[in-house]
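What follows is a single structure, written as structure tokens, with notes after it.
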Amino acid sequence: MDRELPEGLFGVGVVGAPMAGGPSRPALAEAVSRAGGLGFLAAGYKTPDAMAREVDELFATGLAFGVNLFVPTSEPVDREAILAYRERLRPLAERLGVELPEPRWTDDDAHPAKLARLLERVPPVVSLTFALPSAGDVASLRRAGAFVIQTVTDPGEARAAEELGVDAVVVQHPAAGGHFGAFSPGPAFAGELPDLVSAVRAAVGIPVLAAGGIGTRQAAHAVRSAGAAAVQLGTAFLRTQEAGTNPVHRAALADPAFQRTAQTRAFSGKTARGLENTFMRDFADAPAGYPTLHYLTAPLRAAAVAAGDPEGTNLWAGTGWREARDEPAAEVVARFAE
Ligand SMILES: Cc1cc2nc3c(=O)[nH]c(=O)nc-3n(C[C@H](O)[C@H](O)[C@H](O)COP(=O)(O)O)c2cc1C
């Protein structure tokens with residue numbers, strides 16, 4: 001099979017990673033695509049209507065773009081552990097004067113509706129993360145004209161995605177900011193991103209895009225030399241002028257007081273990387289349980305952002321965060337262009 005990406009779609013080989021929760025607003029996707037990269041919208045946490053409005057906005061630009069979906073996972077959750085975690089959060093909620101919501105165990109119902117909306121007006125690229133979709137969904141999206149990409153984190157997941165019929169994989173290293181899209185059990189890949197790219201390239205015949213901790217031109221060069229067809233950057237765009245990153249998150253990324261990133265489940269019940277803060281340290285042993293924990297901590301995080309407190313909210317960032325700058329998104333695309 002061809003390991004090249006379709007001509008034109010990925011421009012200069014720089015993908016603006018989908019970043020749900022604010023950063024990926026349409027202005028960012030448009031700026032990335034206009035600069036010659038491939039901009040992405042993030043459907044995560046949005047209603048089908050809100051997603052569709054953003055898709056319409058991007059279609060109006062006449063530019064290529066992608067839309068990313070969270071595929072619902074079917075992992076069993078420990079309800080007792082989640083209820084106990086809710087009790088542990090209660091004193092903090094009282095201090096902040098917010099109500100902890102009743103646990104919401106699933107938001108799977110939004111997924112079929114989002115898929116249906118995308119099939120009505122299919123974007124040039126659709127990417128999927130957190131789990132494998134059904135083969136039928138992949139086939140429908142491709143039939144409708146989308147180039148379909150699955151996020152994977154190791155060679156085994158890449159093979160499973162290829163068998164399902166996707167057009168390409170984006171291989172995400174644990175250095176990545178935000179959620180880690182692993183869907184198979186077992187330890188994360190132990191080597192560096194270029195080694196992971198080589199291993200995935202050896203495992204599949206479809207194009208491999210690379211993501212996770214890419215902060216410099218040299219790092220991008222190293223993954224391209226290992227065979228990556230394009231780089232997908234998230235953190236590098238978080239401080240750009242077009243991103244919808246909230247002011248607390250934006251300021252923390254530039255604050256030398258934050259010394260390291262770490263992985264945590266404390267905010268959402270799913271492993272994600274962010275600047276290490278008090279909330280992550282206090283709740284280091286949080287249980288698994290996405291999206292229940294995401295909804296449970298949402299009012300706490302909103303209160304922290306409203307109060308300008310970076311210690312109480314998620315500050316997603318990859319290991320290359322110190323290289324992220326306050327600049328137009330086009331500068332990032334130019335810096336990392338092939
Ligand atoms: C704030 C933030 C939000 C993210 N949201 C999503 C998302 O909605 N969907 C997704 O597939 N990946 C998401 N990611 C992961 C990115 O797709 C990508 O893997 C990651 O940003 C690459 O690592 P880097 O941040 O070190 O560049 C997010 C990352 C960040 C930083």
Side-chain angles (χ1 to χ4, degrees), residues 14-25 28-29 32 37-46 51 54 66-71 73 111 114 125-133 148-153 161 169-183 188 192-193 196-197 208-217 219-220 223 228 230-240 243-246 248-250 252-253 261-264 267-268 270-275 290-291 294 301 305 313-324 329 332-333 335-336:
V14 176
V15 176
M19 294 190 284
S24 281
R25 59 181 171 190
L28 178 60
V32 171
L38 181 76
F40 252 91
L41 295 173
Y45 319 129
K46 294 205 176 86
M51 178 202 76
E54 293 195 350
V67 178
N68 172 259
L69 295 173
F70 293 162
V71 179
T73 48
H111 182 69
K114 286 180 191 175
V125 179
V126 173
S127 79
L128 304 138
T129 190
F130 289 3
L132 288 178
V148 178
I149 305 178
Q150 174 71 37
T151 297
V152 299
T153 64
V169 290
V170 49
V171 60
Q172 187 195 36
H173 190 270
H179 286 109
F180 189 51
F183 53 82
E192 300 291 324
L193 180 57
L196 178 55
V197 169
V208 176
L209 292 80
I214 302 171
T216 62
R217 216 181 137 69
V223 298
V231 294
Q232 176 165 303
L233 310 170
T235 301
F237 287 101
L238 278 173
R239 294 181 63 204
T240 60
T245 313
N246 74 57
V248 172
H249 189 181
R250 204 177 263 280
L253 288 163
T261 65
Q263 285 189 320
T264 184
F267 296 111
S268 67
K270 187 175 187 68
T271 300
R273 183 175 293 279
L275 296 176
Y290 181 89
H294 164 78
R301 292 181 282 123
V305 170
T313 189
N314 55 305
L315 306 168
W316 297 152
T319 55
W321 94 99
R322 287 207 199 276
E323 310 294 337
V332 181
V333 175
R335 191 158 64 250
F336 289 92

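Ligands are counted one by one from 1 in listed order, and the atoms in each one are counted from 1 as well. Each residue takes its place number in the sequence, starting with 1. In this text the structure is predicted, and so the values were computed from the model without any measurement. Just so it is clear, the values below take in all heavy atoms, side chains as well, and ignore hydrogens, waters and symmetry mates.
Atoms of ligand 1 found under 4.0 Å from any heavy atom of Gly213, numbered from 1 in the order shown, are 23 (O), 24 (P), 26 (O). Close contacts of ligand 1 with Gln172, meaning ligand atoms under 4.0 Å from a residue heavy atom, involve 15 (C), 19 (O). Distances below 4.0 Å separate heavy atoms of Ala20 from the following atoms of ligand 1: 3 (C), 4 (C), 5 (N), 6 (C), 7 (C), 8 (O). Close contacts of ligand 1 with Gly178, meaning ligand atoms under 4.0 Å from a residue heavy atom, involve 29 (C), 30 (C), 31 (C). With ligand atoms numbered from 1 in the order given, ligand 1 contributes 26 (O) to contacts under 4.0 Å with heavy atoms of Gly318. Below 4.0 Å from some heavy atom of Gly234 lie the following atoms of ligand 1, by number and element: 21 (O), 24 (P), 25 (O), 27 (O). Heavy-atom proximity to Thr129, at under 4.0 Å, picks out these atoms of ligand 1: 10 (C), 11 (O). Residue contact check: Ala176 has heavy atoms under 4.0 Å from atoms 20 (C), 22 (C), 23 (O), 26 (O) of ligand 1.
When hydrogens are left out, the protein atom nearest atom 15 (C) of ligand 1 is Gly177 O, 3.5 Å; that is the closest non-hydrogen contact. For atom 18 (C) of ligand 1, the nearest protein heavy atom (residue, atom name, distance) is Ala17 CB, 3.9 Å. Atom 22 (C) of ligand 1 has as its closest protein heavy atom Gly212 N, 3.6 Å.
Here CG of Leu238 is found 10.0 Å from CG of Asn246. Values are rounded to the nearest 0.5 Å. Summarising the geometry, atom CD belonging to Glu323 is positioned 6.0 Å from atom OG1 belonging to Thr216; distances are rounded to the nearest 0.5 Å. For the atom pair Leu253 CG and Trp316 CH2, the distance stands at 12.5 Å (nearest 0.5 Å). Here the NZ atom belonging to Lys46 is positioned 8.0 Å from the NZ atom belonging to Lys114, to the nearest 0.5 angstrom.
Across the listed options Pro18, Gly22, Gly16, Pro18 owns the non-hydrogen atom lying nearest to atom 6 (C) of ligand 1. For atom 4 (C) of ligand 1, the nearest non-hydrogen atom from the set Lys46, His173, Met19, Gln232 belongs to Met19. Considering only non-hydrogen atoms, atom 24 (P) of ligand 1 lies nearest to Thr235 out of Val170, Ile149, Asn68, Thr235.
In this structure, Arg250 contributes its side chain and Ala243 its backbone to a donor-acceptor pair below 3.5 Å. Using modelled atom types, one side-chain atom of Thr235 and one backbone atom of Gly318 make a donor-acceptor pair closer than 3.5 Å. Counting only distance, with no hydrogens or angles, the side chain of Ser268 and the backbone of His294 share no donor-acceptor pair below 3.5 Å.
The aromatic rings of Tyr45 and Phe70 sit perpendicular, their planes meeting at an angle over 60°, well past the 30° parallel limit.
No heavy atom of Phe130 sits closer than 4.0 Å to any atom of ligand 1.
Side-chain atoms of Thr129 and His179 form no donor-acceptor pair, as typed in the model, at a separation below 3.5 Å.
Considering Asn68, Val67, Val32 as possible partners of Phe40, the one that fulfils the side-chain contact (heavy atoms from CB on, under 4.5 Å) test is Asn68.
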